[in-house]
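What you see below is based on every heavy atom in this structure, not just the backbone, and it leaves out hydrogens, waters and symmetry mates.
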Amino acid sequence: MSGPLLEVTGLHKSFEKHHVLKGIDFSVERGERVAIIGGSGSGKSTFLRCLNFMETLSKGTITLDGQRIGTTGSNGTITYPERQLCDVRERLGMVFQQFNLFPHMTVLQNVMEGLVTVKKLSKERARDIAIRELAKVGLAEKHDAWPSRLSGGQQQRVAIARALSMEPEVLLFDEPTSSLDPELVGEVLRVIRDLADEGRTMLLVTHELGFAYHFATKVIFLADGVFHEVGTPDEVLKNPKQAKTQEFLRRFGEFAF
Amino acid sequence: MNYTIDFSLVTDNWIVLWRGVVVTLQLWIPAIVLGLTGGFFIAQLRLSKRRLLSAPSLVYVELFRDTPVLIQLIWFFYAFPALIGTQLSPFVAALMALALNTSAYSAELFRGGITSIHRGQMEAAKAIGMSQAQAMRRVILPQVIKRMLPALTNRVIEVAKMSSLASVLSVHELMYQGRLLSATYYRPFEILTAVAFIYFMLIYPGTFLAGRLEKHLARSN
Ligand SMILES: Nc1ncnc2c1ncn2[C@@H]1O[C@H](COP(=O)(O)OP(=O)(O)OP(=O)(O)O)[C@@H](O)[C@H]1O
Ligand SMILES: [Mg+2]
């Protein structure tokens with residue numbers, strides 16, 4: 001019936017003279033789970049951050065559910081009205097490597113914040129939803145805790161609940177486990193796997209290749225500013241065709257499938 | 001050495017001092033409110049990437065920080081007639097000088113506070129769909145104020161004390177009233193002691209409450 005949920009065409013991103021993304025065309029269907037892998041500094045975070053306009057695109061367009069983001073002026077320049085960007089970001093939930101919980105709010109307040117301030121729900125409604133989302137990530141008993149008292153894994157699960165509370169159509173994860181102690185990685189990955197089972201549309205930047213293999217419906221290897229290789233987990237992670245992909249995987253050594 | 005200390009003239013003239021207290025509050029509170037609000041916006045300019053905005057605000061901040069307040073007060077009183085031909089009342093001139101001076105100092109406090117908040121906080125706020133203004137109000141400012149609180153308290157105290165300088169412009173605030181009484185009765189010791197005590201009573205409750213607030217905010221640490 002409808003086209004892809006998210007569509008990217010001709011995306012370029014430069015920081016000053018540093019040309020990081022060099023023309024990316026890409027689309028995500030509803031229910032797809034995309035894992036993005038690539039070397040450090042290859043632009044994985046930048047790509048994800050362009051999708052919800054944390055970075056301004058240097059060139060290219062992004063279409064969300066058939067609606068092209070940005071307004072083209074008479075002279076062809078594209079502007080991005082704040083209202084529209086807020087709307088896009090509300091629809092694309094993001095989870096950061098560093099969690100970025102609001103330290104001056106309790107766990108429950110963190111999850112309620114977007115509902116009250118952005119969605120303008122009543123405190124009671126927001127509370128109910130927040131409680132439900134926190135239960136989903138297994139933190140029902142931590143409502144009144146301050147973020148500073150939680151382990152990294154717990155903080156990241158609150159951050160996921162905070163993103164989920166807004167009922168986003170797509171979830172963006174930027175290395176959600178790479179600043180966690182190894183023994184805390186599992187609890188966060190379990191939550192992400194539960195989300196996958198719900199059929200959510202997700203993009204995940206990760207170095208956990210084993211997890212990516214099981215999680216993803218599509219894997220992308222980002223190198224030299226382009227999508228160097230795209231395919232199913234089996235194609236990209238087990239039988240890569242490109243020499244660069246093979247070399248990247250070899251450097252990662254064995255990973256458990 | 002037969003000076004007898006006599007506070008009765010302080011109590012007899014309490015109404016004179018009380019009028020001074022009212023004017024001091026009329027200088028102090030608006031100067032704080034206007035100064036902090038102005039300081040917040042000047043900090044936004046200081047943080048702007050556009051030199052056209054950040055450079056003038058830097059000059060503004062430095063001009064106020066690097067000249068004596070007393071001169072600023074007098075300057076506002078005399079500058080307006082000289083520059084645009086209208087005379088400000090002494091009270092308005094004093095209030096302007098105090099408010100602008102406060103805005104310059106607090107701009108630096110806000111700027112330091114805002115830059116010390118990790119940029120991930122702004123991003124996390126935006127990621128759930130907040131506008132720049134919402135993120136500022138709900139996420140950044142509460143953390144900035146928590147961090148700024150000790151310095152902010154100092155500033156508020158400083159302004160209360162600075163307001164006594166307005167007496168040189170004959171603004172009838174507490175200090176002026178005190179000087180008036182001591183000139184009239186030649187009893188500077190009693191009267192200035194009383195004036196100092198009143199300043200203390202005005203300022204101390206504020207610092208006490210600020211201390212409590214600091215403790216309250218520290219619970220999330
Ligand atoms: N705000 C910025 N200003 C200037 N350069 C930047 C900025 N953000 C990223 N870069 C540069 O862009 C390149 C890509 O960065 P990015 O963070 O997207 O890489 P990454 O693939 O996520 O790396 P990692 O695996 O280390 O997280 C890097 O060379 C980085 O230095
Ligand atoms: Mg990254």
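Interface residue A:E82: only side-chain heavy atoms are found under 4.5 Å from chain B. Proximity to chain B is limited to the backbone of A:L92, based on heavy atoms less than 4.5 angstrom apart. Contact annotation for A:R49: only side-chain heavy atoms (C-beta onward) come within less than 4.5 Å of a heavy atom of chain B.
The distance between the ring centers of A:Y80 and A:F53 falls below 6.0 angstrom. With ring centers used as reference points, A:F96 lies 6.0 Å or more from A:F173.
In terms of heavy-atom pairs under 4.5 angstrom with chain B, the leader among A:E90, A:M105, A:H104 is A:H104. Counting heavy-atom pairs closer than 4.5 Å to chain A, the top-ranked of the candidates B:K146, B:Q143, B:R137 is B:Q143. Of the listed residues A:T117, A:L101, A:D87, A:N52, the one with more heavy-atom pairs under 4.5 angstrom with chain B than any other is A:T117. Comparing A:R149, A:E113, A:M166, A:R91 by how many heavy-atom pairs each has under 4.5 Å with chain B, the most go to A:E113.
Between B:Y204 and B:F208, the ring-plane angle classifies as tilted under the 30° and 60° cut-offs.
Ion pair B:K126/B:E123 not flagged as a salt bridge, since none of the NZ, NE, NH1 or NH2 atoms sits closer than 4.0 Å to an Asp/Glu carboxylate oxygen.
Separating the CG atom in B:N101 from the CG atom in B:L73 is a distance of 8.5 Å, to the nearest 0.5 Å. Distance check, rounded to the nearest 0.5 Å: CG of A:D194 to CZ of A:R200 gives 10.5 Å.
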